[in-house]
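Accompanying notes for the structure given below.
Just so we're clear, the structure is a prediction, and the values are computed from it rather than from any experiment. Just so it is clear, the values below take in all heavy atoms, side chains as well, and ignore hydrogens, waters and symmetry mates.
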Amino acid sequence: MKPFTTLTAIAAPLPLPNIDTEVMVRISRLMEFGKGALGPYLFEPFRYEADGSEKPGFILNQPAFRDSRILIAGENFGCGSSREAAVWALHDFGIACVIAPSFGDIFAANCLQNGILTITLPEAEVAALQAEIDPQEPAPFTVDLDAQAIAAPSGRSIGFTIDPTHRAQLLEGLDDIDQTLRFDAEIAAHQRAQRVAQPWATASIEQTVPKVLIMAGDGVGPEAMAEVKRVIDWFVARRGLRLDLHEELYGISAWHAHGAVVRPEAWDLIDQADAILFGASGSPDYDAIPKHHWLPDNLLRMRSRLDLFDNRRPVRTFGGLEAMSSLRPEIIESADIVIVRELTAGLYFSEPRGIETLDDGRRRGTNSMTYTSDRVRRIAESAFELARRRSGRLCSVDKANVLEVSMLWREEVEKVHAQFPDVELSHMYVDNCAMQLVRNPRQFDVIVTENLFGDILSDCAAMVAGSIGMLPSASIGPKDITGRRQALYEPIHGSAPDIAGRGICNPIGSILSFGLCLTESFGLPDEADLLDRAVQRAIDGGARTADIAGGLPAIGTREMGDAVLRALDELHHETTPLTAAAS
C-alpha cells in the first residue's frame, strides 16, 4: 500500500455519532462490486435520494468538499460489523485520514491494513476542528504523521499520538502481511527447525490438503472439464495426490437447477477454495434470463471478490504443431512466452461506466481505464519475480505515447525495476507488441501489461501455439496471513457454443490449466512437468482434435483425454511418484 507521510487536503465535517459500516457501504453492493470500485457507494443512504439523484445537502456532495481527503467525524465512527469493504469504500472515494473522538476497533484495524490513518482526539478538540471549516471556502488541513501533528487552517498545531508500530507501518506503506514477509527467511528457517525437532507438533499442518472447486460452466466447458477430472483421478490414484475436491454448477446449468447463474451457497465454496478449476462462461441462452441475474459478469465478480490480480498465460509452440499456425514454422519454433496480465483493475472494472441518453437524443457509452500506483507495482513485482526465475527478461507493454494511465504504468514499472536489477526490462507500445508477436515471438520471454491489452495480446499470441484451444491460464490472488494464494485456473478459449455438445473440443487448454494448478497451488512443479510431457507425447503420437489436425485424422475430446492418460501411464513408470518422494 502507499506510504502515508504528510497529507495536505480539504477536510469534510461529518459530526454524526455511531456511523456504522453498513452505512458506509451496503452489503448488497458487495455482490456486484469489489475493492477499487466502491467509491460511488460510500455513505449511499446519506448521498442519494431513492431515485438515485444526489442529496445536495450532504457534505460530500457539495462542490467545495467533493475532493476531501480528510474526514472529521463523530464518536464511535466505524462501529457495527467487521466489514473491511467499508474501508475500501473510503479509500476508493479518496479519504486518506479520519479524525474522530473514537472508532470501532475492527474498523480502525482495517484502516491500518489499507493505508488510512485514524486519529483519535478528545471530543471537544474534534468539535473545534470542525468549527474551523469554512463551508463556503474551506482551507486545507495538514496532517504530518512523522511529527504526529495536525496544522489547522487557523495556524494552530494539534498533536496526536499513535501506536509506534502502527505509525511505522503507515510511514513505510506496510500492512501486516508485508511486515511478516520482511522476516520470511527467518520464519521459514524456524519452521524447518520445528519440523525436525517436533515432528509430532507439525504433522497436522503437513497433512493439510488443498480445497479444490470445479466449476465446468457453459458451452464446451463441461466436456473439457470431464477430461480434467480424469487426469485428476489419475494423479490421485497413481501419484498420491491429495486434495479435497468439490464440484458446483455454474452458468446455464446452474440456472436450470437453482434459478441462479451462481447460487448464493456457491459463493461460500468459492471463498473457501484454495484453487478453482473453471471451464468456460457464456451462452446464447443467457438472453432468455433476466439480465440482473447475470450482469455484471459472474466471472469478473469472482476475480474481483478473490482479488485474482495476477493472471498468467503461458504460450508456447508444441513440437509437431508448428504447421497448425498461420505463421511460418521457423518463426514460432521453440517460442515460449508468459503473458502476465493485471486482472482486477483497468477498463473492465473502473468507474464511471454505462450507457446514457443525451439531451439531444444521442446515446453515449462510457468506460474508464484507471490504475493506481499500488496496483501497477504489485503486478510488476509478480512479473519481475517470474522473469527472474526464467531467462531474466521482461517486456512491459503500454500505450504511454497517448494514454496518461499508460504513462503512470511505465513510471511505476520503472520504479519496481530498481528492486530487480538482474532482470532486463524493455518497454513496448501495445500496437507494436501485437505486430511483434506475429513477426518474431521468440524475442519475448515474459510480457506484463494491463487488463485490456493482456486480454487482446494473449488471444493474438494463440497463433504461436497453433490454436487457442492449447492455451491455459492461472489467475492468482495476493498472499494471505498464512501465505496462501487463492487461484482460479481456466483455458483462455471461450465457451464455443457452435461446437458445444458435439464432443470435439480440444481439452488441452483445460488440462494444462490443471498443470498450472499443480505448480502454483499444490507446489508440485515436477508433477506439472510430467503432465506437460504427457501432452507433448500424446501430440507426438498423432493425437489431434479438429483445431490442430492439419490434415491428420481428427479425434474427439474423450479420445484426446485417453491419449494424455496413456502418455501419463508410460511416463509414470519412468519417474518417482510424489508420495514416494515425500517419504
Side-chain angles (χ1 to χ4, degrees), residues 309-319 321-322 325 327-343 376-400 406 409-410 412-451 453-468 470-476 489 492 509 512-513 515-516 518-520 525 528-529 531-533 535-536:
F309 73 97
D310 184 357
N311 180 239
R312 300 182 183 184
R313 300 190 165 192
V315 182
R316 73 178 187 272
T317 306
F318 280 86
L321 296 186
E322 293 87 352
S325 174
L327 305 176
R328 297 198 309 272
E330 65 269 22
I331 296 294
I332 63 172
E333 185 179 7
S334 302
D336 185 355
I337 308 166
V338 178
I339 297 175
V340 179
R341 169 190 174 193
E342 200 291 322
L343 201 61
V376 179
R377 292 176 68 88
R378 71 173 180 173
I379 192 65
E381 287 171 358
S382 177
F384 273 110
E385 289 169 356
L386 179 61
R388 174 179 278 172
R389 296 196 300 270
R390 287 169 57 92
S391 73
R393 293 183 295 117
L394 176 65
C395 178
S396 176
V397 174
D398 57 43
K399 193 62 177 169
S406 282
W409 178 282
R410 184 171 293 205
E412 294 300 325
V413 171
E414 284 285 359
K415 291 177 184 177
V416 175
H417 186 210
Q419 305 170 31
F420 298 87
D422 54 321
V423 177
E424 175 189 331
L425 173 65
S426 61
H427 298 280
M428 190 174 289
Y429 297 143
V430 62
D431 44 355
N432 185 32
C433 183
M435 186 267 287
Q436 294 295 336
L437 277 170
V438 296
R439 174 183 173 273
N440 180 20
R442 287 182 295 184
Q443 68 183 286
F444 297 108
D445 182 46
V446 179
I447 294 173
V448 63
T449 191
E450 63 84 45
N451 207 338
F453 298 163
D455 194 357
I456 296 169
L457 291 176
S458 54
D459 279 16
C460 176
M463 280 299 93
V464 173
S467 169
I468 199 170
M470 298 293 296
L471 300 187
S473 78
S475 303
I476 310 170
Y489 302 92
I492 78 166
L512 292 177
S513 294
L516 293 177
L518 286 169
T519 295
E520 301 295 342
D529 179 66
L531 183 55
D532 280 354
R533 288 188 288 128
V535 169
Q536 181 65 69

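The heavy-atom pair separating Ile447 from Val397 by the smallest distance is CG2-CG2, 3.6 Å. Here the closest heavy-atom approach between residue Asn311 and residue Ser475 is recorded as ND2-OG, 2.9 Å.
Looking at heavy atoms from C-beta onward, Arg316 lies in side-chain contact with Asp532 at the 4.5 angstrom threshold. Looking at heavy atoms from C-beta onward, Pro441 lies in side-chain contact with Ile331 at the 4.5 angstrom threshold. Using a 4.5 Å heavy-atom cutoff, the side chains of Arg341 and Asp455 are in contact.
Each of Leu457, Leu516, Ile492 was evaluated against Arg313; a single residue qualifies, Ile492, per the side-chain contact (heavy atoms from CB on, under 4.5 Å) test. The side-chain contact (heavy atoms from CB on, under 4.5 Å) test with Ile379 singles out one residue from Asp310, Val413, Thr449, and that residue is Asp310.
Side-chain atoms of Arg533 and Gln536 include no donor-acceptor pair closer than 3.5 Å.
Formation of a donor-acceptor pair under 3.5 Å by the Thr317 side chain with backbone atoms of Ile332 is found in this model. Without hydrogens or angle criteria, Ser325 side chain to Met463 main chain gives a donor-acceptor distance under 3.5 Å. A distance-only check finds no donor-acceptor pair linking the side chain of His417 to the backbone of Ala380 [under 3.5 Å]. Under a 3.5 Å cut-off, the side chain of Arg312 and the backbone N or O of Val340 do not form any donor-acceptor pair. The main-chain N or O of Ser396 is never found under 3.5 Å from a side-chain atom of Arg410 such that the two would form a donor-acceptor pair.
Going from atom CZ of Phe384 over to atom CG of Leu394 covers 5.0 Å, rounded to the nearest 0.5 Å. Atom CZ of Arg328 is separated from atom CD of Glu322 by 14.0 Å, given to the nearest 0.5 angstrom. Rounding to the nearest 0.5 Å places SG of Cys433 at 7.0 Å from CD1 of Ile339.
Using a cutoff of 4.0 Å between basic side-chain nitrogens and carboxylate oxygens, Glu412 and Arg377 are scored as salt-bridged. Ion pair Lys399/Asp431 flagged as a salt bridge, since at least one NZ, NE, NH1 or NH2 atom sits closer than 4.0 Å to an Asp/Glu carboxylate oxygen.
In this structure, Arg378 is positioned above the aromatic face of Phe309, its NZ or CZ under 6.0 Å from the six-membered ring centre and within 45° of the axis.
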